[in-house]
> 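Starting off with a structure, shown below.
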Amino acid sequence: MSSRRQGVLLVVSGPSGVGKGTLIAGLLARRPEVRVSVSCTTRPPRPGEVEGREYFFVSLEEFSRRREDGALLEWAEVYPGLLYGTPRQAVEETLARGEDLILEIDDQGAQSVRAALGERAVLVCVAPPSFAALHERLAGRRTESPESLRERLATAHGEIANMGRYDYVIINREVEPAVEALEAVLLAERHSLRFAGWQALQSRLLAEAADEEGSAHG
Ligand code: 5GP
């Protein structure tokens with residue numbers, strides 16, 4: 001087995017408007033070595049969004065082709081008619097290089113990643129301090145139509161119902177403590193036996209111990 005440590009795959013999920021983007025930006029400011037996966041989506045770009053930075057914006061045909069080719073690690077219809085998916089190859093390559101990677105995806109996607117990768121993915125749920133606070137934040141964004149706001153709140157309800165399937169819950173009451181909590185999760189997981197390449201270390205230490213014992217008795 002290679003002694004190189006696989007990167008930590010941190011799946012950050014939680015209702016739209018809860019502040020996942022802000023927390024991830026805060027983590028990247030502290031830990032610029034962390035990578036963020038760029039998803040594909042059939043949603044049209046918002047003003048200011050750049051192809052390949054926020055998303056790869058693709059047609060429904062292109063999305064379906066990638067899905068059928070197995071090129072997506074997970075995908076979901078996050079809102080009616082809008083598909084989002086995580087490119088598989090980029091995830092595998094990044095983790096194999098030993099780089100930590102964040103997926104900012106919805107709850108359906110998080111559950112698919114858990115089903116596909118089991119304990120090799122760390123699921124973090126970002127929760128609002130109250131449902132009213134979430135509603136206010138979403139309404140204050142002014143990027144959503146009344147219809148889309150209603151859809152997002154209904155989706156949020158279902159996502160909160162699934163909280164028990166996550167490894168960690170971070171309440172985004174204030175940004176700084178929440179960013180610190182996310183960083184703490186990442187640092188702890190870097191040392192978790194599921195990521196740390198511990199077998200290689202163990203083999204080396206046991207071999208060294210045997211050598212020492214051999215020379216002590218020899
Ligand atoms: P938005 O349209 O506001 O950029 O994103 C809407 C939602 O889609 C967010 O909650 C985000 O987490 C989710 N999302 C973004 N990319 C993916 C993806 O690749 N897969 C899944 N399942 N959800 C995604």
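Both counts, for ligands and for their atoms, begin at 1 and track the order of listing. Numbering of residues begins at 1 and proceeds along the displayed sequence.
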> Indicate every side-chain donor-acceptor pair of residues 34-42 with a distance under 3.5 Å to a residue at least two apart or in another chain.
{"from": "R35", "atom 1": "NE", "to": "E99", "atom 2": "OE1", "distance (Å)": "3.4"}
{"from": "T41", "atom 1": "OG1", "to": "R43", "atom 2": "N", "distance (Å)": "2.9"}
{"from": "T41", "atom 1": "OG1", "to": "L83", "atom 2": "O", "distance (Å)": "3.1"}
{"from": "T42", "atom 1": "OG1", "to": "L83", "atom 2": "N", "distance (Å)": "3.0"}

> Please name all residues satisfying ring-ring contact (aromatic ring centres under 6.0 Å, His included) with F63, sequence neighbours left out, ordered by chain then number.
none
> Which atom names give the shortest non-hydrogen contact between A178 and I171, and what distance separates them?
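Nearest pair, atom of A178 first, then I171: CB-O, 4.0 Å.
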> If every non-hydrogen atom of V179 is compared with every non-hydrogen atom of L27, which pair is closest and at what distance?
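Shortest heavy-atom separation between V179 and L27 comes out as CG1-N, 3.7 Å.
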> Okay, side chain of S13, backbone of A110: is any donor-acceptor separation there less than 3.5 Å?
no
> For ligand 1, what are the residues with a heavy-atom contact below 4.0 Å?
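Near ligand 1, by chain and number: K20, S39, R43, R46, Y55, E74, A76, V78, Y79, Y84, G85, T86, E104, I105, D106, G109, R152.
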> Under the rule for salt bridge (charged side-chain N to carboxylate O under 4.0 Å, His left out), what residues qualify as partners of E68, not counting sequence neighbours?
none
